[in-house]
Amino acid sequence: MPTTRNDEDRQDNVPHDSDDVQDVRQDEAGEAAAPEDAEQRPEARLARAVQVAEQALIEFEIAVETFRVEVENFSRLHHQKLGPMYTRLDELDALIAEARAAKTGDPEDQRKAREARAVVMPMPGVDELFHDWMDTDGLSPEAAAMLTEQPVRPPKRVRPSEEARRLYRELARKAHPDLAQDEVERQRRDEFIARVNAAYGRGDVELLKELVAEWEAGPVQPPAPLSESEELYARLEWLSRRKELLTVLAKELEDGAIGSMLRMAPDDPDQLLEDIAEQLLGEVSRREAELAEMTQ
C-alpha cells in the first residue's frame, strides 16, 4: 500500500543503524550464540553420546541379568520337579529294551539295551538329581506324590517379586560398576553389585531394601567430567564391545532349552511346569503299560 505522511513521520522517528548500534547488536548476537556454539563442540556431542550409550548399556545389562535369574530359577525348579520323572522314563526305556533283547536274542537289540542302560544315571547321580526330594527313607512325600499323581505342594515362585525387581533395578542403576571413575571405585561397586545380584537371585526383598539404605548412606560420587575426545571415543568403543558380549549371552540364554521354554509361557512359568509334568506322567504310564505287556 502507498505510504502516507504519518507513515513517513513514524519512519523518521525510527533510528537508523549507526555504527554503535551495529556493534551492540553484533556483541549481543555473539553472546547469544556462545552457549549454542559450546553445545555444538565435537567433544560435547561425543560426551552426550557416551552418556546415552552408558545408560543404554546399563538398562540392557539389567534386562539380561533379570532374564538370567529367571532362567536359573526355572532351570532349578524344572530339575527338582521333573527330574524324577525323566529318571523314571530313562529307567523304563532301559527295562523295555532289555526285555526286548532277552526275548529276541538279536545282537542289535542287545546293543540298544546296553545303550539304554548306559543312559540311566547311577544311584549317586539320582541322589544329586533329587536334592531335597529324597530323605533317609527314600523319596520325599513331594516326589512320591508326583510319581503317583497325588497333589503336591506348589513350587516356590520361579521369578522374584515385582518389589524385588523394582529394588534391583534401582540399585543397578545407581551402583553399576560402569559408572565408576577409577579402579578403587569400580572394585567397591563390583563387590556391592555382587551382593545385590545374590539377594535378587533369592528374591530377598528385605535384604534388597537394606542394600538400598546402605548405598544411599555411602559416599556420593561426583558426576564424571568430560574427557578428551580420544578418551571418549575409546569409551564408546568399550561400551560397544560390552554390548556385543551381552548380546551373545542374551542369545545363548534365549536359544537354550530353558530359555525357549520360558518364552512359551513368560507370564505363568509355574503352569508350564505343571503342563510338562502332566505330559511326562502320561509318558510314564504308557511305558509302564508297554513293559507290563512285554514281561507277561
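Numbers here simply count residues along the sequence, with the first being 1. This is a predicted model, so every value here is computed, not measured.
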As a quick check of understanding, evaluate salt bridge (Lys or Arg N to Asp or Glu O under 4.0 Å) for Glu237 and Arg242, giving each step before the final call. CA-CA 9 Å; Glu237 184 178 354; Arg242 176 66 176 166; over 6 Å; no

Assess whether a salt bridge exists between [X] and [Y], defined as any Lys/Arg side-chain N lying under 4.0 Å from an Asp/Glu carboxylate O.
| X | Y | value |
| --- | --- | --- |
| Arg241 | Glu244 | no |
| Lys251 | Glu254 | no |
| Arg166 | Glu163 | yes |
| Glu59 | Arg169 | no |
| Lys103 | Glu98 | no |
| Arg235 | Glu231 | no |
| Glu72 | Arg76 | no |
| Lys112 | Glu115 | no |

More than 12 heavy atoms of other groups within 6.0 Å of Glu283 CD: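 Yes, enclosed.
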
Can you see which heavy atom on [X] is nearest to which on [Y], and at what distance?
| X | Y | result |
| --- | --- | --- |
| Leu246 | Glu61 | CD1-CG, 2.9 Å |
| Gly259 | Phe67 | CA-CZ, 4.0 Å |
| Leu171 | Ile193 | O-CD1, 4.2 Å |
| Pro84 | His79 | CD-O, 4.3 Å |
| Leu280 | Met85 | CB-SD, 3.7 Å |
| Val284 | Leu92 | O-CD1, 3.7 Å |

Is there a side-chain contact between [X] and [Y], using heavy atoms and a 4.5 Å cut-off?
| X | Y | value |
| --- | --- | --- |
| Gln110 | Arg114 | yes |
| Leu249 | Val64 | yes |
| Leu239 | Lys243 | no |

Could you check whether any side-chain N or O of Gln181 sits under 3.5 Å from a backbone N or O of Leu179, counting only pairs where one atom can act as donor and the other as acceptor?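 A pair under 3.5 Å: yes.
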
Donor-acceptor under 3.5 Å (Ser240 side chain, Leu236 main chain):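 Pair absent, no side-chain N/O of Ser240 close to backbone of Leu236.
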
So, taking the atom named CG in Asn73 and the one named CZ in Arg202, what distance separates them when rounded to the nearest 0.5 Å?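 CZ of Arg202 is found 11.5 Å from CG of Asn73.
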
State plainly whether one hydrophobic cluster holds both Val52 and Ile62, where clusters connect Ile, Leu, Val, Met, Phe, Trp and Tyr through side-chain heavy atoms under 4.5 angstrom apart.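 Different hydrophobic clusters.
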
Given Arg188, Arg189, Glu183, the one that forms side-chain contact (heavy atoms from CB on, under 4.5 Å) with Arg186: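 Looking at Arg188, Arg189, Glu183, the match for Arg186 under the side-chain contact (heavy atoms from CB on, under 4.5 Å) is Glu183.
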
Applying salt bridge (Lys or Arg N to Asp or Glu O under 4.0 Å), can you list everything that pairs with Arg100, at least two apart in sequence or on another chain?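 Only Glu290 meet the salt bridge (Lys or Arg N to Asp or Glu O under 4.0 Å) criterion with Arg100.
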
Passes salt bridge (Lys or Arg N to Asp or Glu O under 4.0 Å), Arg195 versus Glu210? Steps please. CA-CA 11 Å; Arg195 295 163 58 199; Glu210 293 175 8; over 6 Å; no

Given Arg88 and Glu91, is the salt bridge (Lys or Arg N to Asp or Glu O under 4.0 Å) satisfied, shown in steps? CA-CA 5 Å; Arg88 178 60 177 163; Glu91 176 66 24; 5.9 Å; no

Do the rings of Tyr200 and Tyr168 sit parallel, tilted or perpendicular, given the 30° and 60° boundaries?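 Plane angle under 30°, so parallel.
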
Using the side chain to side chain contact (heavy atoms under 4.5 Å, CB included) rule, take Gln271 and Glu274 through it: C-alpha gap first, then chi angles, then the decisive distance, then the call. CA-CA 5 Å; Gln271 184 58 48; Glu274 296 295 335; 3.9 Å; yes

